[in-house]
Amino acid sequence: MSKIKLLTIGVIGLLILNLGLIGFLFLKRPMQGKGMRPENDAPKQIIVKRLHFSASQTKQYEELIKEHQIKVRAFNDSIAVIKNQLYGSLANDNFEAKDVLIAKLSNLQEQIELLHYNHFAAIRKICRADQIADFNALSKDLARFFFQPKSIDQDGPPPRE
């Protein structure tokens, strides 16, 4: 077999292998943000289903979600500002400010957790008496549903500002 024929077979083999790998990675990747997989609706659907909400309860729940998201977004915006100040202090050699900024971040995170807790307490108030047992069972799973840690590799690097 000539060297050119061997080289051609090798190149074609590598090309097929690369195309297969790219296809696998593309198909394996979650379709988040492409309308194929409603990631943000999943917890909502789980709660509606497990609590057996009626149409009116679902509407009340959707209003609670809207209010909650607005409040969480405001806290997240505040956290982003303070984190920018914190990491910006590295460039200025202003290390004294770090303790104050970290304390502010800690306080905001505490307020977010309290906001989440109150959100679920409000959901409990929507429940009828016959749904409270279902809510209590659901409450044991809330952390698993809503607060799964994501690795950096899954989401890629943070967005540039």
Side-chain angles (χ1 to χ4, degrees), residues 21-22 24-161:
L21 181 61
I22 289 170
F24 172 76
L25 291 175
F26 181 73
L27 294 174
K28 182 83 171 152
R29 187 168 223 178
M31 294 296 193
Q32 202 170 354
K34 297 181 183 173
M36 299 293 281
R37 193 171 162 199
E39 284 292 322
N40 293 337
D41 287 344
K44 176 180 140 184
Q45 298 306 325
I46 290 169
I47 288 176
V48 168
K49 184 177 179 181
R50 290 204 35 198
L51 297 181
H52 311 287
F53 274 170
S54 67
S56 65
Q57 286 175 310
T58 301
K59 189 170 182 163
Q60 287 177 297
Y61 175 49
E62 287 171 350
E63 288 300 316
L64 285 175
I65 290 171
K66 286 177 188 174
E67 292 173 23
H68 182 69
Q69 287 175 340
I70 290 168
K71 291 174 183 175
V72 169
R73 212 170 284 126
F75 277 118
N76 286 337
D77 290 346
S78 298
I79 286 172
V81 168
I82 293 172
K83 280 187 176 185
N84 283 333
Q85 292 172 358
L86 176 66
Y87 296 117
S89 72
L90 289 169
N92 304 331
D93 291 333
N94 186 4
F95 301 118
E96 295 82 34
K98 83 170 169 44
D99 292 332
V100 172
L101 294 171
I102 289 173
K104 286 181 180 180
L105 287 171
S106 175
N107 182 277
L108 285 171
Q109 189 60 46
E110 182 180 343
Q111 290 179 46
I112 287 174
E113 293 306 320
L114 182 60
L115 181 68
H116 290 320
Y117 182 86
N118 290 336
H119 174 68
F120 292 114
I123 293 170
R124 188 178 196 278
K125 289 179 183 177
I126 294 174
C127 294
R128 296 184 311 263
D130 62 314
Q131 294 169 320
I132 295 298
D134 292 331
F135 180 86
N136 292 341
L138 175 72
S139 69
K140 295 174 185 169
D141 297 329
L142 288 175
R144 185 170 50 92
F145 290 150
F146 294 97
F147 308 110
Q148 294 177 351
K150 294 181 179 178
S151 71
I152 292 174
D153 294 331
Q154 270 183 332
D155 297 332
R160 293 185 135 208
E161 294 183 13

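All values below come from the heavy atoms of this structure, side chains included, with hydrogens, waters and symmetry mates left out.
Of all heavy-atom pairs between Ile79 and Ile112, the closest is CD1-CD1, 3.5 Å. When all heavy atoms of Phe53 and Cys127 are compared, the pair lying nearest together is CE2-SG, 3.9 Å. Between Gln85 and Leu101, the shortest heavy-atom contact is OE1-CD2, 3.3 Å.
Going from atom CG of Asn76 over to atom CG of Leu108 covers 9.5 Å, rounded to the nearest 0.5 Å. Atoms CD1 and OG, on Ile132 and Ser139 in that order, are 10.0 Å from each other to the nearest 0.5 Å. In this structure, Leu25 CG and Leu21 CG are separated by 4.5 Å, a value rounded to the nearest 0.5 Å. To the nearest 0.5 angstrom, Lys83 atom NZ is 9.0 Å from Leu86 atom CG. Annotation: the span from Ile123 atom CD1 to Leu142 atom CG amounts to 7.5 Å, rounded to 0.5 Å. To the nearest 0.5 angstrom, Glu67 atom CD is 9.5 Å from His119 atom NE2.
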Residues Lys98, Leu90; criterion side-chain contact (heavy atoms from CB on, under 4.5 Å); working and verdict: CA-CA 9 Å; Lys98 83 170 169 44; Leu90 289 169; over 6 Å; no
Residues Leu51, Ile126; criterion side-chain contact (heavy atoms from CB on, under 4.5 Å); working and verdict: CA-CA 10 Å; Leu51 297 181; Ile126 294 174; over 6 Å; no
Worked check of side-chain contact (heavy atoms from CB on, under 4.5 Å) between Asp141 and Ile46: CA-CA 11 Å; Asp141 297 329; Ile46 290 169; over 6 Å; no
Test side-chain contact (heavy atoms from CB on, under 4.5 Å) applied to Ile47 and Phe120, step by step: CA-CA 10 Å; Ile47 288 176; Phe120 292 114; 4.2 Å; yes
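Taking a 6.0 Å sphere around CZ of Phe75, one finds it holds more than 12 heavy atoms contributed by other residues, nucleotides or ligands.
With Gln131 as the partner, the side chain to side chain donor-acceptor pair (under 3.5 Å) test is satisfied by one option alone out of His52, Gln57, Arg50, Arg124: Gln57.
A salt bridge between Glu63 and Lys66 is present, with a side-chain N of the basic residue lying under 4.0 Å from a carboxylate O of the acidic one.
A 4.5 Å side-chain heavy-atom check between Gln109 and Leu105 finds every atom pair outside the cut-off. A heavy-atom distance below 4.5 Å is not found between the side chains of Asp77 and Val81.
Ring planes of His116 and His68: tilted class, angle from 30 to 60°.
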